Number of protein chains: 2
Amino acid sequence: MTVTVENTHAPTSLNLTPSRRAVLDIVKSAGRPMKAYDILSKLQEVIKHAKPPTVYRALDYLVTNHVLHRVNNQNAFMHCQQHVECSKQQEERVSILFSCQLCGAVIENANHSLTAIIKQMTGSLGFKSDADMVECSGVCQDCR
Amino acid sequence: MTVTVENTHAPTSLNLTPSRRAVLDIVKSAGRPMKAYDILSKLQEVIKHAKPPTVYRALDYLVTNHVLHRVNNQNAFMHCQQHVECSKQQEERVSILFSCQLCGAVIENANHSLTAIIKQMTGSLGFKSDADMVECSGVCQDCR
DNA sequence: TGCATTTAGATATAATATAACATACAATAG
DNA sequence: CTATTGTATGTTATATTATATCTAAATGCA
């Protein structure tokens, strides 16, 4: 079973400058992954002089701080919606993004078994995951 | 424990036209993920008139047929080096790519537990993985 | 105040990928 | 054989995604 909890990866304080705040709001309110240049279009409604670097800098900051995820198989960015088996557990957990190549929907999930096996594999390889996240590309139920 | 076996995902017969063969050889002999335009440069040493579509078409074919993997977090392509816990098992298995963001090295791995948990998650979501593959970005042992 | 650090503006361009249309070629049904 | 179909390729142009570079403003703080 999988339940939704707050994002425990996010830092307690973020430096949300106007452009970062605006980019975050745009992506968050979309409720689905958004492309950088679609974000830029929206951003320009608010910050007229916004340019590609404006967006990419804000995205870098928000992804680095685990507020947004980069969905690599879509070149897109989505709001983090962490899930975990038990919100009381303080263990670091590994989330998985199931990304639909047809409609673009992404389901973010996590559970203890997945975390355990990924930690075991990364541990034995000496590999340090940079987002405690794995990504899986496919087709969602609705699109099949 | 993880051991190397032949690629059981690959079809028994491939239509390896000259450009597909050449692209495959280039990526295979590189022994690491290669970018499309680096492949193109190499390809043009053999097929002078090769253009971006030449490469992308060959890559599409080879990825679709599970001979190459697309490494999404690097926009790169690598030769499939399937691993599985036991080569006798005929079950479909899920591989994982651990991709180093510093040196570009990718370790391909698989084991029974990972396959089981991913299959369970995709099953309960009605999600159909298009490559039986998950991807994990981070930093490898050598780079730490 | 003066200095270091972080953030943002602005221009240009690099890097990645596909659209669109024409051509060739092989397999095979009529 | 020849018409048709499906697949693969050639070619040009362009779309999409992302970053480099340089300047300047804002911020924190010794």
Side-chain angles (χ1 to χ4, degrees), chain A residues 11 13-27 30 32-65 67-78 99 101-102 104 130 135 137, chain B residues 11 13-27 30 32-65 67-78 99 101-102 104 130 135 137:
Chain A
S13 90
L14 281 175
N15 177 10
L16 285 184
T17 62
S19 56
R20 290 170 183 172
R21 158 80 62 193
V23 167
L24 175 56
D25 287 347
I26 288 165
V27 176
R32 55 181 179 76
M34 289 196 74
K35 300 272 195 170
Y37 277 72
D38 293 337
I39 296 168
L40 177 59
S41 297
K42 286 282 189 191
L43 185 63
Q44 286 171 333
E45 295 172 6
V46 179
I47 302 176
K48 284 249 250 304
H49 58 262
K51 298 282 186 311
T54 317
V55 167
Y56 282 103
R57 285 166 177 163
L59 289 171
D60 282 350
Y61 179 85
L62 295 166
V63 169
T64 297
N65 287 282
V67 181
L68 299 184
H69 297 308
R70 187 174 203 291
V71 184
N72 288 309
N73 56 43
Q74 295 186 27
N75 292 335
F77 300 84
M78 66 178 289
S99 170
Q101 298 310 287
L102 296 184
D130 59 18
E135 209 173 295
S137 165
Chain B
S13 89
L14 282 174
N15 178 11
L16 285 185
T17 63
S19 55
R20 288 169 183 169
R21 158 81 60 192
V23 167
L24 175 55
D25 287 348
I26 287 165
V27 176
R32 57 182 177 76
M34 289 195 74
K35 300 271 197 172
Y37 278 71
D38 292 337
I39 296 168
L40 177 57
S41 297
K42 285 281 188 191
L43 184 62
Q44 286 171 333
E45 295 172 6
V46 179
I47 301 177
K48 284 249 249 306
H49 57 263
K51 299 281 186 311
T54 316
V55 167
Y56 282 103
R57 284 166 177 162
L59 289 171
D60 282 350
Y61 179 86
L62 295 166
V63 169
T64 297
N65 287 282
V67 181
L68 298 184
H69 297 308
R70 187 176 202 291
V71 184
N72 287 309
N73 55 44
Q74 293 187 27
N75 293 336
F77 300 85
M78 66 179 288
S99 170
Q101 299 309 286
L102 296 184
D130 60 17
E135 208 172 296
S137 166

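If you're wondering where the values come from, they're calculated on a predicted model, not measured in any experiment. Note that these values count all heavy atoms, side chains included, but never hydrogens, waters or copies made by symmetry.
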Using the side-chain contact (heavy atoms from CB on, under 4.5 Å) criterion, which residues pair with [X]? Sequence neighbours excluded.
X: A/Asp38; answer: A/Met34, A/Lys35
X: A/Arg57; answer: A/Pro53
X: A/Ala50; answer: A/Leu40, A/Leu43, A/Gln44, A/Ile47, A/Thr54
X: A/Ser41; answer: none

Between [X] ([atom1]) and [N] ([atom2]), how many Å, whole number?
X: B/Asp60; N: D/dT7; atom1: CG; atom2: C1'; answer: 14 Å
X: A/Leu16; N: C/dT7; atom1: CG; atom2: P; answer: 11 Å
X: A/Arg21; N: C/dT7; atom1: CZ; atom2: P; answer: 15 Å
X: A/Leu40; N: D/dT16; atom1: CG; atom2: P; answer: 13 Å
X: B/Leu14; N: D/dA8; atom1: CG; atom2: C1'; answer: 15 Å
X: A/Ile39; N: D/dT16; atom1: CD1; atom2: P; answer: 15 Å
X: B/Asp38; N: C/dA14; atom1: CG; atom2: P; answer: 16 Å
X: A/Leu62; N: C/dA8; atom1: CG; atom2: P; answer: 10 Å

[N], OP1 or OP2 - any side-chain N/O from [X] closer than 4.0 Å?
X: A/Ser19; N: C/dA8; answer: yes
X: A/Asn15; N: C/dT7; answer: yes
X: B/Lys35; N: C/dT16; answer: yes

| request: Specify the residue among A/Ala36 and B/Pro18 whose closest nucleotide of DNA chain D lies further upstream toward the 5′ end. | output: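 First, find each residue's nearest nucleotide; the 5'-ward one identifies B/Pro18.
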
| field | Strand-adjacent residues in residues 47-57 of chain A, judged by heavy atoms under 4.0 Å from DNA chain D | value |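 Contacting residues: A/Pro52, A/Pro53, A/Tyr56, A/Arg57.
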
| Counterpart residues, side chain to side chain donor-acceptor pair (under 3.5 Å), relative to A/Asn75 (two or more places apart) |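 For A/Asn75, no residue satisfies side chain to side chain donor-acceptor pair (under 3.5 Å) once neighbours in sequence are set aside.
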
| Non-neighbouring partners of A/Asp130 that pass side chain to side chain donor-acceptor pair (under 3.5 Å), sequence neighbours left out |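 Residues passing side chain to side chain donor-acceptor pair (under 3.5 Å) with A/Asp130: B/Ser137.
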
| said: Before you tell me yes or no, could you show the steps for B/Leu62 and B/Leu16 under side chain to side chain contact (heavy atoms under 4.5 Å, CB included), namely the whole-Å CA-CA distance, both residues' side-chain angles and the distance that decides it to 0.1 Å? | reply: CA-CA 9 Å; B/Leu62 295 166; B/Leu16 285 185; 3.9 Å; yes

| message | With the criterion set at under 5.5 Å between ring centres and under 30 degrees between planes, would D/dT16 be stacked on A/Tyr37? | response |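 So no, this residue does not stack on that base, at least one cut-off failing.
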
| Hey, is the main chain of A/Ala36 close enough, under 3.5 Å, to the side chain of A/Tyr56 for a donor-acceptor pair? |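 Not a single qualifying donor-acceptor pair exists.
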
| Looking only at atom types and distance, does a side-chain atom of B/Glu135 sit under 3.5 Å from a main-chain N or O of B/Asn73, one as donor and one as acceptor? |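 Side chain of B/Glu135 to backbone of B/Asn73: a pair is present.
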
Which protein N or O atoms sit under 3.5 Å from an N or O of nucleotides 26-30 of chain D?
none

